[in-house]
Amino acid sequence: MTRTLITGGAGFIGGHVTRRLLDRGESVVALDDLSTGSRENVPADGENPRFRLVVGDVRDRRLVDELVQDCDVVIHLAARIGLKLVIESPLKTMEVNADGTESVLAAASRYGKRTLIASTSEVYGLATKIPSSESDPISFGSPEKGRWSYACSKVFDEFYALALHRERGLRATVVRLFNTVGPKQSAHYGMVIPRFVRQALAGEPLTVYGDGTQTRSFCYVGDVIDGLMEIVARDESVGKVYNIGNPSEIAIVDLAKRVIELTGSDSPIEYVPFDVAFNAGFEEIRRRVPDISRARHDLGFNPTTTLDVVLKDVIESVRAPQPVAR
Ligand code: UDP
């Protein structure tokens with residue numbers, strides 16, 4: 001039975017990966033500091049004998065060494081996420097994303113474990129070639145803007161993983177995730193879909209930042225996990241970088257209108273200037289679309305879930321009564 005260590009295993013994506021692996025009869029250890037993750041995303045203590053949650057920090061080298069040694073596969077998702085947190089505390093972003101990844105990758109390399117590390121579409125930054133491909137040059141903004149600390153730390157992670165692969169034979173794959181969405185994504189860290197859905201259901205204004213013409217391409221978490229599973233299963237993905245996302249692009253104001261329609265809400269749209277929504281550390285990305293031809297070709301990756309299906313799923317999960325806290 002494959003034993004997978006998932007760092008950030010109690011996060012939004014980590015919780016979905018955990019469930020997928022447990023459903024396949026595999027065994028999972030989730031390492032999570034519960035800073036943005038939640039116990040509600042994973043089985044409770046004792047609920048599944050093939051699952052264990054370890055509450056700890058990815059920068060704790062002794063703990064990471066022990067957990068990596070005991071597993072067959074490492075899926076490294078732990079990271080400081082959410083633009084609001086990143087802009088408020090670039091220092092913590094750099095420390096967790098660079099130092100934490102270094103800790104995990106060094107252990108994976110020491111014990112020769114198959115490793116998948118999560119990077120982000122944010123690394124494409126201000127690149128103007130749309131759609132963005134893995135081999136494109138990347139260009140993000142000035143270090144005077146705190147936003148780019150996230151992209152910069154993730155680029156460091158990518159270089160480090162690929163260097164360990166080339167020089168020490170680490171079987172690592174880098175995955176750039178593009179706006180992953182679905183049920184259980186928290187609204188607390190700024191992510192637009194859980195925010196809009198909650199605002200619409202509460203009858204509050206939907207806060208569209210800027211003029212709303214900026215675009216994103218949202219990918220259903222279930223489709224993302226299909227891609228991650230294929231990567232881990234295929235040796236030919238070792239040493240490569242993959243865009244994992246859905247190329248279908250939407251302007252944020254159109255997203256707001258669609259959420260209003262699907263919830264049947266009478267909420268208005270409120271335009272919030274970027275400098276009111278964020279402080280000076282902000283600089284907006286106008287368009288973000290993945291070129292997924294590499295993932296399609298190598299992995300058979302084919303994200304089919306439409307945005308409407310995702311939105312209905314998220315709306316239903318927010319409407320559903322929340323479990324009583326134990
Ligand atoms: N956004 C918005 N209103 C919100 C939250 C986000 O208009 O209440 C916009 C944000 O400016 C960005 C897009 O939605 O253009 C996606 O934001 P998110 O934080 O989900 O992801 P990211 O910016 O990392 O792509």
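Throughout, numbering of the chain's residues begins at 1 and tracks the sequence. Read the numbers this way: they start at 1 and go in the same order the structure lists the ligands and their atoms.
- Given atom 15 (O) of ligand 1, the protein heavy atom at minimum distance is Glu284 OE2, 2.6 Å.
- At a heavy-atom cutoff of 4.0 Å, ligand 1 is contacted by no atom of Glu270, backbone or side chain.
- Considering only non-hydrogen protein atoms, atom 23 (O) of ligand 1 sits nearest to Arg216 NH2, 3.4 Å.
- Between Leu83 and Phe282 there is a side-chain heavy-atom pair separated by less than 4.5 Å.
- At the shortest separation from atom 13 (C) of ligand 1 among protein heavy atoms lies Ile252 CD1, 3.6 Å.
- The shortest heavy-atom distance from Phe196 to ligand 1 is under 4.0 Å.
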- prompt: Can His76 and Thr115 be said to form a side chain to side chain donor-acceptor pair (under 3.5 Å), step by step?
  reply: CA-CA 7 Å; His76 177 51; Thr115 304; over 6 Å; no
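- Scanning the protein heavy atoms around atom 21 (O) of ligand 1, the nearest turns out to be Asn179 ND2, 3.3 Å.
- The Val208 neighbourhood of ligand 1 comprises atoms 7 (O), with distances under 4.0 Å to a heavy atom of that residue.
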task: Kindly determine whether Tyr209 and Phe278 satisfy ring pair (Phe, Tyr, Trp, His ring centres under 6.0 Å), including the steps that lead there.
output: CA-CA 10 Å; Tyr209 298 160; Phe278 299 98; 5.4 Å; yes
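- In this structure, Asp23 places its CG atom where more than 12 heavy-atom neighbours from other residues, nucleotides or ligands lie under 6.0 Å away.
- Put simply, Leu21 and Leu53 are part of the same group of oily side chains (I, L, V, M, F, W, Y) that touch within less than 4.5 Å, one to the next.
- The local environment of CZ in Phe159 is sparse, with at most 12 non-hydrogen atoms from other residues, nucleotides or ligands closer than 6.0 Å.
- Distances from atom 22 (P) of ligand 1 to the heavy atoms of Met191, Arg288, Glu122 put Arg288 nearest.
- Atom 7 (O) of ligand 1 has Tyr209 N, 2.8 Å as its closest protein atom, hydrogens excluded (heavy atom only).
- For atom 3 (N) of ligand 1, the closest heavy atom belonging to the protein is Thr207 O, 2.6 Å.
- Of the listed residues (Arg176, Arg294, Lys129), just one forms a salt bridge (Lys or Arg N to Asp or Glu O under 4.0 Å) with Asp136, and that residue is Lys129.
- In terms of protein heavy-atom proximity, atom 19 (O) of ligand 1 is closest to Gly190 O, 3.5 Å.
- By the rule that hydrophobic residues join a cluster once side-chain heavy atoms approach within less than 4.5 Å of another member, Val29 and Val58 end up as members of one cluster.
- Side chains of Ser217 and Glu249: a donor-acceptor N/O pair is absent below 3.5 angstrom, by distance only.
- Not a single heavy atom of Arg287 sits under 4.0 Å from any atom of ligand 1.
- Counting the atoms of ligand 1 from 1 in the order shown, those under 4.0 Å from a heavy atom of Arg147 are 23 (O).
- Every heavy atom of Gln199 sits 4.0 Å or more from the atoms of ligand 1.
- Residue, atom and distance of the protein heavy atom nearest to atom 8 (O) of ligand 1 are Arg195 NE, 2.7 Å.
- Between Asp291 and Ser293, the side chains place a donor N or O and an acceptor N or O closer than 3.5 Å (distance only, hydrogens not considered).
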